[in-house]
Every structure is written in structure tokens, then in C-alpha cells.
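Please read the structure below before turning to the comments.
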2 protein chains.
Amino acid sequence: MDNDRPIINALRTKGYRATAQRIAISRSALTNRAHPSARQIYNEVRGAHPTVSLATVYKTLQVLRELNLVQELSFPDEEARFDPYMRPHLNLICQRCRKAIDVEDKAAREVVNAASKARFNVTGLRIDVYGICQKCGRRA
Amino acid sequence: MDNDRPIINALRTKGYRATAQRIAISRSALTNRAHPSARQIYNEVRGAHPTVSLATVYKTLQVLRELNLVQELSFPDEEARFDPYMRPHLNLICQRCRKAIDVEDKAAREVVNAASKARFNVTGLRIDVYGICQKCGRRA
DNA sequence: ATGCTTGCAAATCCTTTGCATAGTC
DNA sequence: GACTATGCAAAGGATTTGCAAGCAT
């Protein structure tokens with residue numbers, strides 16, 4: 001895939017080698033906007049790379065984290081999920097269907113501003129809103 | 001302690017028994033504003049209850065979660081931390097000293113409003129701002 | 001060629017669970 | 001007294017690690 005160029009370059013800037021597994025895992029992680037878990041990415045990638053291991057998926061996700069291409073979201077009682085949307089945003093996470101959607105809203109930036117006002121030097125952000133999404137609420 | 005009355009009542013409303021351990025653990029968890037981990041609470045409580053077990057601490061924290069008295073915050077590569085501040089707020093979490101402080105700011109409510117606007121029925125909220133606190137920044 | 005990466009399996013760490021005993025209501 | 005909670009040890013589950021063999025550069 002020719003669109004793998006940016007991934008390959010990003011990996012190489014920090015000295016990481018662009019292996020087929022890393023490219024496939026990165027493609028999956030950076031493309032999937034449903035906040036997948038490592039295991040879900042693993043299952044996706046296995047289609048094209050049947051021999052890939054879950055360990056490699058975890059290792060690659062750590063690399064992507066280091067490259068600031070994904071954020072890891074940990075939850076109580078659940079696997080961690082990975083979000084490739086790196087601009088300030090809200091995660092709307094439905095308690096019923098478990099789906100998560102990213103919403104860009106000025107409220108996100110106001111959170112950053114509020115922290116800055118408190119003389120806090122902001123480097124990262126996580127805004128989760130939990131509840132019931134429109135679709136699930138409808139068929140309550 | 002006479003101020004344990006509210007804790008005792010809260011436990012009983014849902015049919016939980018007010019044992020000495022639960023009261024001590026609850027007191028610690030609801031009082032400590034540093035977002036302690038289960039182990040830190042355990043260590044605090046051991047002063048007064050040397051025989052308490054970590055398992056009981058975990059179990060009690062789940063009870064407090066069910067009673068909506070604390071929120072559990074999971075992190076990658078770290079133990080979960082517990083926050084008894086249940087109104088909408090920002091967690092400013094210092095990457096250097098690991099301290100976390102709660103900040104009430106209207107930005108928190110704007111996040112809720114933004115979610116509501118997206119037809120999302122809000123039941124919970126977590127806003128983490130990561131960075132370097134004033135104290136740590138000063139001695140950079 | 002050199003050295004990073006993979007995949008497997010074993011290890012780790014946090015958290016939960018099972019169960020006999022002790023305590024609450 | 002009936003039933004829940006405790007404390008211990010063992011289990012569980014997600015994630016990480018060690019290592020020999022396989023690739024990228």
C-alpha cells in the first residue's frame with residue numbers, strides 16, 4: 001500500500017524498523033476510529049498476517065504511543081483501548097453498546113485553558129463522557 | 001468517630017454492613033484527595049487496623065464505587081487511583097511528581113453540555129489533564 | 001553483516017475470587 | 001441466629017518480557 005509511506009517514515013524517524021507487521025498493525029490502529037483494544041487490532045491484523053502475535057501488537061502499540069500517534073485509554077474492568085485521534089476532543093463512551101465516538105468541541109480547548117490558568121503546563125489530555133448514546137437510548 | 005455517621009448510613013442504604021474495616025477504608029478513601037491507589041489506602045488503614053487485607057480494601061472500594069462515592073481512574077502502566085470528588089471537575093495530573101489535584105471549573109460543565117448537544121445521555125465524566133504542575137515546573 | 005524484531009511461552013502485576021472463620025444486624 | 005464480611009491464599013486476566021530465529025537496513 002502506497003499510503004503506508006507516512007507510517008514508515010514516522011517509524012524511522014525514531015529509529016524503528018518498518019516491518020510488515022508494524023505497518024499492518026499501525027495501519028489498523030491509526031485507521032480504526034472505534035477505540036479498539038489490542039485484541040481487536042490483533043484480530044483485524046490476523047486477516048493479512050496470520051502468524052502475527054498478540055505480543056507484537058502490544059509492542060507496536062507502545063511504539064505508536066511513543067511516536068504520539070495513539071493514546072492509550074485504560075478502564076476499570078476492561079481492556080485498554082487505543083485512540084488515534086490526537087487533537088483535543090471528547091470521547092463519548094456508551095455504557096450499553098460500548099461504542100466510543102470522538103467529538104471535537106471547543107469545550108475541550110477550554111479544559112486546556114482552565115488548566116493553564118492554574119499554572120499547569122499541559123502535555124496531554126483525556127476527556128471521557130460516559131452515558132448512553134442516541135441509538136441505545138432510543139431503544140431503551 | 002462520630003463523623004462516621006454518614007458513611008455508616010450510606011453503606012446501610014444499600015444493605016451493606018458497617019464493619020470497622022469498611023468504615024476505616026471509607027474514611028481514608030473519602031478523605032484523601034491525592035487520588036490514592038488501593039495499596040496506598042491499604043497502607044493508611046493498616047495503621048489503625050493492622051490485620052486488614054488488601055482484598056478487603058479492593059472489595060470496599062467497589063462498594064464505594066457502587067454507592068457513587070468514589071470514581072476509579074485507571075491508567076496505563078500504573079495502579080488504578082480513586083477519586084472521591086464526584087462533581088464535574090478536572091484532574092490535573094503531574095507527570096513528574098504523580099500528584100493529582102481536582103479543579104472545579106466551568107469548562108467541566110461545558111464538556112457535559114457539549115455531549116448533551118450531541119444527544120448523548122450523560123451519566124459519568126472523567127477529565128484528565130496531564131502535564132507538569134507548577135511546583136515541578138519551577139525546579140525544572 | 002549487524003542488530004533490531006518477531007513469535008512463542010513463561011513471567012509479572014494488579015485485581016478478583018473461594019472459602020472457613022468472625023462479626024453485624 | 002441468619003446472613004454478610006473478613007482475611008488468607010490461590011486464581012484470573014491483561015500486559016510484558018526473555019530468547020532463539022528471522023528480517024530490515
Side-chain angles (χ1 to χ4, degrees), chain A residues 4-5 7-29 35-43 45-46 48-67 70-82 98, chain B residues 4-5 7-29 35-43 45-46 48-67 70-82 98:
Chain A
D4 293 338
R5 215 59 238 175
I7 296 173
I8 294 171
N9 291 337
L11 289 169
R12 291 195 177 147
T13 49
K14 294 264 166 84
Y16 291 108
R17 293 182 178 174
T19 65
Q21 293 93 323
R22 275 194 186 144
I23 294 169
I25 293 163
S26 301
R27 192 157 55 211
S28 171
H35 303 65
S37 66
R39 181 167 296 278
Q40 288 171 323
I41 293 169
Y42 169 65
N43 286 332
V45 170
R46 279 216 283 183
H49 289 264
T51 69
V52 81
S53 73
L54 187 53
T56 298
V57 173
Y58 274 108
K59 286 171 188 163
T60 300
L61 286 168
Q62 292 315 313
V63 169
L64 293 177
R65 202 147 75 105
E66 193 186 328
L67 299 175
V70 301
Q71 181 177 23
E72 179 174 351
L73 304 176
S74 299
F75 299 93
D77 320 320
E78 286 183 60
E79 298 174 285
R81 298 169 69 168
F82 294 83
R98 303 273 105 190
Chain B
D4 293 337
R5 215 58 238 174
I7 295 173
I8 294 171
N9 291 338
L11 289 169
R12 288 193 179 150
T13 49
K14 294 264 165 83
Y16 292 108
R17 292 182 178 174
T19 65
Q21 293 92 323
R22 274 192 185 146
I23 294 168
I25 293 163
S26 301
R27 193 157 54 211
S28 171
H35 303 65
S37 66
R39 179 167 297 278
Q40 289 172 322
I41 292 169
Y42 169 65
N43 286 331
V45 170
R46 280 215 283 183
H49 289 264
T51 69
V52 80
S53 73
L54 187 53
T56 298
V57 172
Y58 273 107
K59 285 170 187 161
T60 300
L61 286 168
Q62 292 316 311
V63 170
L64 294 177
R65 201 146 75 105
E66 193 186 329
L67 298 175
V70 300
Q71 181 178 22
E72 178 174 351
L73 304 176
S74 299
F75 298 93
D77 320 319
E78 285 183 59
E79 296 174 287
R81 298 170 67 167
F82 295 83
R98 304 273 105 191

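Residue numbers start from 1 in every chain, and the chains themselves are labelled A, B, ... in the order their sequence lines are given, proteins ahead of strands.
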* Asked: Mind checking whether R22(A) and K59(A) have side chains closer than 4.5 Å, heavy atoms only?
  -> no
* **Any R98(B) side-chain heavy atom under 4.5 Å of E78(B) side chain** =>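 Yes - at least one pair of side-chain heavy atoms lies under 4.5 Å apart.
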Tell me what [X] touches on the nucleic acid: a base, only sugar-phosphate, or nothing, going by heavy atoms under 4.0 Å.
| X | result |
| --- | --- |
| A20(A) | nothing |
| A18(B) | sugar-phosphate |
| T51(B) | sugar-phosphate |
| R39(A) | nothing |

* Ignoring backbone atoms, test whether T19(A) places a side-chain nitrogen or oxygen under 4.0 Å from the OP1 or OP2 oxygen of dT6(C). => yes
* To do: Examine dG7(C): is either OP1 or OP2 under 4.0 Å from a nitrogen or oxygen in the side chain of Q21(A)? Give yes or no.
  =>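 The answer is yes; a side-chain N or O of Q21(A) sits under 4.0 Å from OP1 or OP2.
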* Could you check which of dT4(D), dT15(C), dT25(D) has an atom nearest any side-chain atom of R17(B)? => dT4(D)
* DNA chain C-proximal residues of residues 53-61 of chain B, any heavy atom under 4.0 Å ->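 A55(B), Y58(B), K59(B) - these, ordered by number, are the residues of the stretch whose heavy atoms sit under 4.0 Å from the strand.
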Rounded to whole Å, please give me the gap between [atom1] in [X] and [atom2] in [N].
| X | N | atom1 | atom2 | answer |
| --- | --- | --- | --- | --- |
| E79(A) | dT15(C) | CD | P | 16 Å |
| R12(B) | dG23(C) | CZ | C1' | 13 Å |
| L11(B) | dG23(C) | CG | C1' | 15 Å |
| Y16(A) | dT5(C) | OH | C1' | 12 Å |
| R22(A) | dG7(C) | CZ | P | 11 Å |
| I23(A) | dT25(D) | CD1 | P | 8 Å |
| E72(B) | dT16(C) | CD | C1' | 12 Å |
| E66(B) | dT4(D) | CD | C1' | 14 Å |

Please give me the minimum heavy-atom distance between [X] and [Y], naming the atom from each residue.
| X | Y | result |
| --- | --- | --- |
| I25(A) | I41(A) | CG2-CG2, 4.1 Å |
| Q40(A) | H35(A) | OE1-O, 4.4 Å |
| L54(A) | A38(A) | CD1-O, 4.1 Å |
| Y42(A) | V52(A) | CE1-O, 3.4 Å |
| S26(B) | T60(B) | OG-CG2, 4.0 Å |
| I23(B) | I7(B) | O-CD1, 4.4 Å |

* Structure fact -> 5'-most contact on DNA chain D (nearest-nucleotide basis), I25(B) vs A38(A), goes to I25(B)
* Pick the nucleotide of DNA chain C nearest each of V52(A) and F82(B); which residue has the one closer to the 5' end? -> V52(A)
* Specify the residue among R81(B) and G15(A) whose closest nucleotide of DNA chain C lies further upstream toward the 5′ end. =>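 This one resolves to G15(A).
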Residues 10-17 of chain A, side-chain donor-acceptor partners within the protein, below 3.5 Å, at least two apart:
from, atom 1, to, atom 2, distance (Å)
T13(A), OG1, A10(A), O, 2.5
Y16(A), OH, E66(A), OE1, 2.6
Y16(A), OH, E66(A), OE2, 3.3

* Hey, mind stepping through D4(A) and R27(A) against side-chain contact (heavy atoms from CB on, under 4.5 Å) and telling me if it holds? -> CA-CA 7 Å; D4(A) 293 338; R27(A) 192 157 55 211; 2.5 Å; yes
* To do: Kindly calculate the angle separating the two end axes of the helix from dA1(C)-dT25(D) to dC25(C)-dG1(D), each obtained from five base pairs, and round it to 10 degrees.
  =>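 Inter-axis angle at the termini of the helix from dA1(C)-dT25(D) to dC25(C)-dG1(D): 50°.
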